[in-house]
Amino acid sequence: MGIFELFLLAVGLSMDAFAVSVCKGLSAGRVTLPHALTAGLWFGGFQGLMPFLGWLLGSRFQVLIASIDHWIAFLLLGLIGLNMIRESRSQEEESLGTSFSPRAMLPLAVATSIDALTVGITFAFLQVDILLAVSLIGLTTFLLSAVGVKAGAVVGSRGKSWAELAGGLVLVLMGCKILLEHLGVLS
């Protein structure tokens with residue numbers, strides 16, 4: 001997986017965190033630089049940590065499932081992406097509160113990074129440079145989350161559904177690409 005593909009994957013994974021950051025900015029009202037940095041650090045940190053943990057887990061089982069790893073990557077990325085697309089169509093308004101305290105941010109950071117844990121498992125099968133991948137995912141999520149808080153205060157909830165839709169599409173397409181490359185359809 002090349003740097004451009006990793007960047008696209010990083011953007012796709014960070015869309016959940018971006019969407020939650022938009023909601024946090026919307027609920028906070030007046031957004032300050034510390035709000036943006038707090039969201040960026042929590043979401044970026046967990047989005048970087050979770051794929052690494054997934055990679056460690058996947059590395060343990062790589063030998064056992066090497067013959068079907070492309071199908072696993074396709075299914076996991078596809079399911080995560082389809083779920084994000086489904087959530088983007090939801091009309092429910094999320095209320096995330098105005099607090100940026102660790103007590104408020106920790107559950108949000110964990111919830112938005114579970115999909116990154118799953119993607120990390122696929123990294124073990126794809127022989128991805130894990131340090132480059134987690135750094136790129138963490139940094140991309142940090143930046144998009146920090147911007148998302150400010151954007152939420154400015155634009156409102158319209159950006160949330162767009163972000164989830166775009167992120168879901170990217171993940172589904174990456175899963176399809178991995179499968180088609182393994183099957184020899186793409187080179």
Side-chain angles (χ1 to χ4, degrees), residues 1-22 24 35-66 68-84 87 100 102 104-149 151 163-164 166-179 181-182:
M1 189 174 288
I3 188 84
F4 181 70
E5 292 164 313
L6 282 176
F7 175 72
L8 286 178
L9 189 63
V11 170
L13 285 174
S14 64
M15 287 297 114
D16 267 353
F18 176 78
V20 171
S21 295
V22 167
K24 286 298 281 182
H35 289 134
L37 293 177
T38 298
L41 287 172
W42 276 102
F43 295 133
F46 271 82
Q47 286 284 53
L49 174 65
M50 292 299 219
F52 181 72
L53 295 176
W55 176 80
L56 288 174
L57 182 64
S59 296
R60 295 291 220 169
F61 300 105
Q62 179 183 11
V63 174
L64 299 175
I65 53 179
I68 58 167
D69 59 0
H70 53 285
W71 288 103
I72 292 170
F74 169 72
L75 286 172
L76 291 176
L77 291 173
L79 289 173
I80 294 166
L82 290 173
N83 188 51
M84 286 177 72
E87 287 175 4
F100 284 81
M105 295 302 293
L106 178 62
L108 295 174
V110 170
T112 59
S113 63
I114 294 298
D115 53 351
L117 176 74
T118 307
V119 169
I121 293 170
T122 68
F123 284 166
F125 309 136
L126 302 174
Q127 305 303 317
V128 171
D129 178 349
I130 192 63
L131 294 179
L132 174 64
V134 298
S135 298
L136 193 56
I137 291 168
L139 180 61
T140 301
T141 305
F142 170 84
L143 293 171
L144 289 175
S145 297
V147 167
V149 171
E164 286 180 333
L169 288 173
V170 166
L171 294 179
V172 168
L173 291 173
M174 289 298 293
C176 290
K177 180 184 178 296
I178 289 167
L179 180 63
E181 281 179 347
H182 186 80

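Numbers here simply count residues along the sequence, with the first being 1. All heavy atoms count here, side chains included; hydrogens, waters and symmetry mates do not.
The structure places OG1 of T140 at 10.0 Å from CD of Q47, a figure rounded to the nearest 0.5 Å. Taken from CG in D16 to CG in L144, the straight-line distance is 12.0 Å, to the nearest 0.5 Å.
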Which pairs of donor and acceptor atoms, one on a side chain in residues 6-15, lie under 3.5 Å apart (sequence neighbours left out)?
{"residue": "S14", "atom": "OG", "partner": "A10", "partner atom": "O", "Å": "3.1"}
{"residue": "S14", "atom": "OG", "partner": "V11", "partner atom": "O", "Å": "2.9"}

N/O donor-acceptor pairs under 3.5 Å from side chains in residues 107-128, not counting sequence neighbours:
{"residue": "T112", "atom": "OG1", "partner": "L108", "partner atom": "O", "Å": "3.0"}
{"residue": "T112", "atom": "OG1", "partner": "A109", "partner atom": "O", "Å": "3.3"}
{"residue": "S113", "atom": "OG", "partner": "A109", "partner atom": "O", "Å": "2.8"}
{"residue": "S113", "atom": "OG", "partner": "V110", "partner atom": "O", "Å": "3.2"}
{"residue": "T118", "atom": "OG1", "partner": "I114", "partner atom": "O", "Å": "3.4"}
{"residue": "T122", "atom": "OG1", "partner": "V119", "partner atom": "O", "Å": "2.5"}
{"residue": "Q127", "atom": "NE2", "partner": "A124", "partner atom": "O", "Å": "3.4"}

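For L37, the side-chain contact (heavy atoms from CB on, under 4.5 Å) partners two or more places apart in sequence, or in a different chain, are L33, F142. Remark: F52 pairs with W55 by the ring pair (Phe, Tyr, Trp, His ring centres under 6.0 Å) rule, at least two apart or across chains. The side-chain contact (heavy atoms from CB on, under 4.5 Å) check on H35 picks up V31, T32, F100, V149, with sequence neighbours excluded. Residues meeting the side-chain contact (heavy atoms from CB on, under 4.5 Å) test with L173, sequence neighbours left out: none.
The two residues T141 and A17 come nearest to each other via the heavy atoms CG2-CB, 3.7 Å. Closest heavy-atom contact between S145 and G40: CB-CA, 3.9 Å.
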Candidate pair C176 and F74, rule side-chain contact (heavy atoms from CB on, under 4.5 Å), full reasoning: CA-CA 6 Å; C176 290; F74 169 72; 3.8 Å; yes
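Note: F46 and W42 have parallel aromatic rings, judged against thresholds of 30 and 60 degrees for the angle between ring planes.
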